[in-house]
Enquirer: 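Just dropping this structure here.
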Amino acid sequence: GVYALAAILILRAGQRKRDINLYWLAAAAWVQALSVLFFTLYADVGDIFNLLGHVYKSIAYMMVYRAVFVSGVLGPYLALASERAQLKTLLATIPDMVWLKNPEGVYLSCNAEFERFFGAHEAAIVGHRDVDFVSPETAEFFQHNDQLAIAAGKPTINEEWLTFQQDGYEGLFETTKTPFYAEDGALVGVLGISHDITASRRMQNDLFFSEQRFRSLFEGIPNIAVQGYDRERKVLFWSLASERLYGYSKQEALGRRLEDLIIPAEMRADVVAAVDAWVAGGADIPSAELSLQRKDGSRVPVFSCHVMQ
């Protein structure tokens, strides 16, 4: 009766938790109950009931072993293997290069993108050093940055031009190197991540030179006052001609709202409304002859036109 009751209780727990190992334990308890039943029925040591009692007890012990072994011994190993497989898949899908080296500079692991950099599979990279794949000068540069990260005890960042051995691709990379420690505080090695910034740096340079050309163009026109402002009408650009025309220096004008500088008081509400509507996708501000205001309060006639960029 006790084994049967235990089987029912364990079965209910297994249903609630959806745990297959509890089902095995419930079955073991039930089989053990049958074993006890047969032991109560036999009259002689050699009869069938005694034999069945021992057979069922052996089966019950095997079921208990299976449940305990899977949940307590094999289960953690299977979970660890699953986590490692997931981590491996995650690293393989990251577009950046990722690698781990021990404190002596020997590779412990890397992802697929790093394999492309060295032109070799991970199995051929692990256990080797930088000098086995790149020039001595480049290897020394890599190792120097590794030691800087270890000495700093925190992530360090550097930029470097790298050439991929697999396909010859050359790009500018931002590399972050971080000391990697075990739970007990012992240094495991250096974790490295390199992100390709070639395209973004090219865009930054193009934007810089474009802005320089823009400034050079309008700074060189003495009779056309050019102002640039953002969607909140704060001044971003103030040409030399604007300084001469309105009396505000570039330092005085930058960051201030346009209506606070050159728009007369009676026009400010209309100008603010027109610019806000234009920025929101409304009608363009028409070109027109206006009477604007200098720093000293005097009026100056101008022909005003607006262009959105």
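These figures come from a predicted structure and were not determined experimentally.
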Enquirer: Do NZ/NE/NH1/NH2 and the carboxylate oxygens of Glu266 and Arg299 come within less than 4.0 Å?
Expert: yes
Enquirer: Group every Ile, Leu, Val, Met, Phe, Trp and Tyr by side-chain heavy-atom contacts under 4.5 Å, then state whether Met203 and Phe173 land in the same group.
Expert: no
Enquirer: Ignoring hydrogens and angles, tell me if any N or O in the side chain of Trp238 forms a donor-acceptor pair with the backbone of Ala225 under 3.5 Å.
Expert: no
Enquirer: Could you check whether any side-chain heavy atom of Tyr107 comes within less than 4.5 Å of a side-chain heavy atom of Arg129, counting everything from C-beta outward?
Expert: no
Enquirer: Using side-chain heavy atoms (C-beta onward) and a distance below 4.5 Å, is Gln143 in contact with Asp130?
Expert: yes
Enquirer: Would you sort out whether Glu140 and Thr138 count as a side-chain contact (heavy atoms from CB on, under 4.5 Å), showing the intermediate values?
Expert: CA-CA 5 Å; Glu140 183 179 357; Thr138 302; over 6 Å; no
Enquirer: Under a 4.5 Å side-chain heavy-atom rule over Ile, Leu, Val, Met, Phe, Trp and Tyr, are Tyr169 and Leu162 clustered together?
Expert: yes
Enquirer: Among Lys295, Gln227, Arg294, find the residue that satisfies the side chain to side chain contact (heavy atoms under 4.5 Å, CB included) test when tested with Ile262.
Expert: Gln227
Enquirer: Begin from the C-alpha positions of Glu243 and Ser249 and carry the test side-chain hydrogen bond (donor to acceptor under 3.5 Å, both in side chains) through to its verdict.
Expert: CA-CA 5 Å; Glu243 291 185 344; Ser249 68; 5.2 Å; no
Enquirer: Within the structure provided, determine whether Glu232 and Arg257 are in side-chain contact (heavy-atom separation under 4.5 Å).
Expert: yes
Enquirer: For Val98 and Phe114, run side-chain contact (heavy atoms from CB on, under 4.5 Å): C-alpha distance rounded to whole Å, both residues' side-chain angles, the deciding distance at 0.1 Å, then the answer.
Expert: CA-CA 6 Å; Val98 181; Phe114 192 86; over 6 Å; no
Enquirer: Please indicate whether His121 has more than 12 foreign heavy atoms, meaning atoms of other residues, nucleotides or ligands, lying under 6.0 Å from its NE2.
Expert: no
Enquirer: Take atom CZ of Arg231 as the centre, draw a 6.0 Å sphere, and report whether it contains more than 12 heavy atoms from other residues, nucleotides or ligands.
Expert: no
Enquirer: Decide whether Leu290 and Tyr248 are clustered together by the hydrophobic rule: side chain heavy atoms of Ile, Leu, Val, Met, Phe, Trp, Tyr closer than 4.5 Å, transitively.
Expert: yes
Enquirer: Between Lys177 and Gln147 (side chain of the first, backbone of the second, donor and acceptor by atom type, cut-off under 3.5 Å), is there such a pair?
Expert: no
Enquirer: Taking Asp284 for the side chain and Pro286 for the main chain, is one N or O donor matched with an acceptor at less than 3.5 Å?
Expert: no
Enquirer: If you count the non-hydrogen atoms of other residues, nucleotides and ligands that lie under 6.0 Å from CD in Glu289, is the total more than 12?
Expert: no
Enquirer: Output, in order, the C-alpha distance, side-chain angles, deciding distance and verdict of side-chain contact (heavy atoms from CB on, under 4.5 Å) for Cys110 and Met97.
Expert: CA-CA 8 Å; Cys110 66; Met97 292 190 292; over 6 Å; no
Enquirer: Look up atom NZ in Lys101 and atom OG in Ser109, then write down how far apart they are to the nearest 0.5 Å.
Expert: 12.0 Å
Enquirer: Looking at Ser242 and Val226, would you say the former's side chain and the latter's main chain have a donor-acceptor pair under 3.5 Å?
Expert: yes
Enquirer: Run the numbers on Val302 and Tyr246 for side-chain contact (heavy atoms from CB on, under 4.5 Å), then give the verdict.
Expert: CA-CA 11 Å; Val302 300; Tyr246 296 111; 3.7 Å; yes
Enquirer: Which heavy atom of Gly153 sits nearest a heavy atom of Tyr181, and at what distance?
Expert: CA-OH, 4.0 Å
Enquirer: Give me the one residue out of Asp146, Leu148, Leu100, Asn145 that meets side chain to side chain contact (heavy atoms under 4.5 Å, CB included) with Val190.
Expert: Asp146
Enquirer: Check whether any side-chain heavy atom of Thr175 lies under 4.5 Å from a side-chain heavy atom of Ile157, and answer yes or no.
Expert: no
Enquirer: Does a side-chain heavy-atom distance below 4.5 Å link Phe180 with Leu187?
Expert: no
Enquirer: To the nearest 0.5 Å, what is the distance between CG (Leu191) and CG (Leu108)?
Expert: 10.5 Å
Enquirer: How long is the gap from CD on Glu113 to CZ on Phe117, to the nearest 0.5 Å?
Expert: 10.5 Å
Enquirer: Have a look at Phe133 and tell me which of Phe118, Phe164, Trp99 forms a ring pair (Phe, Tyr, Trp, His ring centres under 6.0 Å) with it.
Expert: Phe118
Enquirer: Decide whether Leu292 and Val235 are clustered together by the hydrophobic rule: side chain heavy atoms of Ile, Leu, Val, Met, Phe, Trp, Tyr closer than 4.5 Å, transitively.
Expert: yes
Enquirer: Would you call Arg233-Asp276 a salt bridge at under 4.0 Å N-O?
Expert: yes
Enquirer: Could you check whether any side-chain N or O of Thr198 sits under 3.5 Å from a backbone N or O of Leu172, counting only pairs where one atom can act as donor and the other as acceptor?
Expert: yes
Enquirer: Closest heavy-atom contact between Ala149 and Thr156?
Expert: CB-OG1, 3.5 Å
Enquirer: How long is the straight-line distance from OG1 of Thr176 back to CG of Asn158, given to the nearest 0.5 Å?
Expert: 8.0 Å
Enquirer: Rounded to the nearest 0.5 Å, what separates atom OG in Ser239 from atom CD1 in Ile224?
Expert: 9.5 Å
Enquirer: Determine yes or no for a side-chain-to-main-chain donor-acceptor pair under 3.5 angstrom, with Glu115 supplying the side chain and Glu122 the backbone.
Expert: yes
Enquirer: Any idea which heavy atoms bring Ser194 and Glu160 closest together, and the distance?
Expert: OG-OE2, 4.0 Å
Enquirer: Does Asp196 reach the side chain of Asp96, with side-chain heavy atoms less than 4.5 Å apart?
Expert: no
Enquirer: Tell me whether Leu258 shares a hydrophobic cluster with Val300, the cluster being built from Ile, Leu, Val, Met, Phe, Trp, Tyr side chains joined at under 4.5 Å.
Expert: yes
